[in-house]
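A quick write-up on the structure given underneath.
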Amino acid sequence: MVTRYSLRVLALGYLLFLLVLPVGLIAWRTFARGLAPVLTALTSPSAVHAFEVTLSVASWAVVANTIFGIGAAILLVRHRFPGKRILGALIDLPLAVSPVVVGLALILVYGRFAPAGGWLERHGLQVIFSLPGMVLATVFVSLPLVVRAIVPVLEELGEEQEQAAHTLGATGWQTFRRITIPGIRWALAYGVVLCLARALGEYGAVAVVSGRLVGQTQTLTLFVEERFQNFDQPAAFAAATALALMAVVTLLLTKFLRPKD
Amino acid sequence: MAIEVRDVTKSFGGTPVLRDVSVDIGSGSLTALLGPSGGGKSTLLRIIAGLEQPDTGTVVISGVDATRLSPQRRNVGFVFQHYAAFKHLTVRRNVAFGLEVRKRPKAQVRRRVAELLELVHLEQLADRYPAQLSGGQRQRMALARALAVEPEVLLLDEPFGALDAQVRKELRTWLRRLHDEVHVTTVFVTHDQEEAMDVADEIVVLADGVVEQVGSPHEMYDNPANPFVMSFLGPVTRLDGRLVRPHDIEVCAAEQPGSSAATVTRVVRLGFEVRVETRVAGQDVWAQLTRGSADHLRLDPGDTVYLRPVSNARTLAGSG
């Protein structure tokens, strides 16, 4: 009895000081002077712009990772080819590499003075210190999330339903759309939500490649940091609370999606 | 011929599964591919369907060389052992699938699906999902789904293998009746000789990737081409170095021309059938009698009797 209660107290206390207290304090400080200053802070031009940049970067990253994720998962589960294990390991790489390293690596390839980046810039596409680079960085750090959510479900689904669809006259695309996608839809939704949460909260890699240009390449996380450094605590806290709220919503979404598999 | 398989070979990773297999399947027939597990029968069926490619050889379906055609262009119906039900679709939508991907008019699809659901007795369950059906119902749904597109041939891969004994018997009688109604050329894979003899017009025995014999069930039972087919299709025992069916052994109380002396070791009564186990010159031999003839002989362990094949018995020189 004693051990059971002491374990509970220990776990709850740990979480209290690690999670609940810091996040709660941010919320409390945000709303300490009521709702009006929060709204003012969140509707300032730079805050609105930061929202827009974050949403745009996150949407592109989610779209890219969803398409890549479905393709890579089908490749890993349904096909046999040399180098399959290497592909599997590569997909997990972003989990191991620090986001700051990712950012620096992208600058090495796509920076103005690198061959690839220089060529792209001569053709009118600036990657680093601009939206494409931020999308690339976000795609990189959230790459495995969709793939890893789909792979086990695709494995469990098996090939027979797809083969049955083929014998019934369905083309490859019809089979994919009518059989494969509905079979993995919950796992796919879960992966997409996880990817979205990761993309919204990304800081390190984006900080490096964005150049932190206020009103241009500033995402919501960068906005929080920059406002905090400039002693504009109300704006920093308001944006932080908004970010936390988005995270909570996505977290709840994953909770809804999880048990249906 | 509805299906002509010519000189098909197939290996998986260096292991030969089919060696030079040639089979003709007549239009409108109901054929069983029978053989032990690992004999290559499922692989042959999947090659006919286009789900596997043969290494060499050709497959002709209704006069058209289908060897390189993809499964969706072969117009075959395929029924899987584990049903391969589309779990996210209702029974009705499962059956309609082949017609929907062919973009048939809605009214026509509805009419055809209703017909098929009636044929497989699932009209009451049309709006359920596969998870809400029993194994037998799922397999009937899979059959209706395969028949919906009016295939040239219907292929069933161990269709009753995952069902319990009672349902299996019901379904195979039902499949026979269904075939008599629909007349679509049907090939099914089974490792159960009783199932093959019960349902099929024609049996193809496949073992170790080779066709051992082709024929009608009774022809094959009475005139097996070799000891393997004989022992696979029914019980056999060995008397005087020859394989013989236990029900073709005559048990006599007194010595007869051509009989061998035997010592009764055990008498097993299985209702109507009586198994008499004996030893003849150090070898185990058993005979199958009716209860009447066994009672007449009054057999007990330790008795000496005389065994010989009945006059019209089919025997084979036994090897191995």
Side-chain angles (χ1 to χ4, degrees), chain A residues 66 69-71 73-85 146 149-193 253 256-261, chain B residues 12-13 42 45-52 61 66 69-90 93-104 129-130 138-139 141-158 162:
Chain A
T66 302
I70 295 172
I74 288 176
L75 208 58
L76 283 175
V77 177
R78 293 281 188 265
H79 296 267
R80 291 170 63 175
F81 54 92
K84 182 168 155 170
R85 293 176 63 142
V146 178
I150 298 176
V151 162
V153 177
L154 205 56
E155 262 165 5
E156 203 199 297
L157 193 66
E159 238 171 319
E160 279 202 345
Q161 290 187 48
E162 289 163 14
Q163 289 178 345
H166 279 308
T167 63
L168 290 168
T171 60
W173 171 249
Q174 283 173 323
T175 305
F176 173 73
R177 200 170 55 79
R178 288 169 181 260
I179 304 300
T180 313
I181 288 291
I184 58 170
R185 58 190 162 185
W186 297 117
L188 180 62
Y190 182 70
V192 165
V193 168
L253 272 178
F256 277 120
L257 294 173
R258 198 64 171 156
K260 285 186 180 153
D261 286 330
Chain B
F12 288 118
S42 282
L45 197 77
R46 293 172 66 84
I47 284 176
I48 296 172
L51 296 172
E52 303 281 355
I61 299 174
L69 281 184
S70 63
Q72 78 251 29
R73 296 169 159 275
R74 292 195 185 199
N75 202 19
V76 298
F78 199 97
V79 174
F80 294 80
Q81 181 178 1
H82 297 287
Y83 330 121
F86 301 144
K87 290 182 186 147
H88 62 289
L89 299 177
T90 59
R93 294 287 311 282
N94 261 275
V95 176
F97 186 88
L99 300 168
E100 285 179 0
V101 298
R102 282 175 172 71
K103 310 262 192 290
R104 294 279 165 79
Y129 285 90
R138 271 183 236 181
Q139 198 56 299
M141 180 195 82
L143 209 59
R145 184 175 73 181
L147 287 171
V149 296
E150 291 173 24
E152 311 254 5
V153 293
L154 180 62
L155 308 170
L156 304 102
D157 190 4
E158 302 249 7

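Naming convention: chains lettered A, B, ... in sequence-line order (proteins, then strands); numbering from 1 in each chain.
- Contacts between B:Ala85 and chain A at a heavy-atom distance below 4.5 Å involve the backbone alone (N, CA, C, O).
- Of the listed residues A:Gly158, A:Gly183, A:Ala170, the one with more heavy-atom pairs under 4.5 angstrom with chain B than any other is A:Ala170.
- Counting non-hydrogen atoms of neighbouring residues, nucleotides and ligands closer than 6.0 angstrom, the CZ atom of A:Arg78 exceeds 12 such neighbours.
- With sequence neighbours excluded, the residues that form a side chain to side chain donor-acceptor pair (under 3.5 Å) with B:Glu158 are B:His191.
- We find the CZ-OG1 distance between B:Arg74 and A:Thr167 to be 11.5 Å, quoted to the nearest 0.5 Å.
- Both the backbone and the side chain of B:Arg145 come within less than 4.5 Å of a heavy atom in chain A.
- Nearest heavy-atom pair, B:Gln72 versus A:Thr171, reported as atom, atom and distance to 0.1 Å: NE2-CA, 3.7 Å.
- The nearest pair of heavy atoms linking A:Gln163 to B:Leu51 is CB-CD2, 3.8 Å.
- Residue A:Glu155 places its CD atom among more than 12 non-hydrogen atoms of other residues, nucleotides or ligands, all under 6.0 Å distant.
- Heavy-atom distances place both the backbone and the side chain of B:Phe78 under 4.5 Å from chain A.
- The contact between A:Gln174 and chain B is made entirely by side chain atoms (from C-beta outward), counting heavy-atom distances below 4.5 Å.
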task: Show the numbers, then the answer: is there a side chain to side chain contact (heavy atoms under 4.5 Å, CB included) between A:Glu160 and B:Gln81?
output: CA-CA 10 Å; A:Glu160 279 202 345; B:Gln81 181 178 1; 5.8 Å; no

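- Listed options B:Ala49, B:Pro71, B:Pro151, B:Gly98 were ranked by heavy-atom pairs under 4.5 angstrom with chain A; first place goes to B:Pro71.
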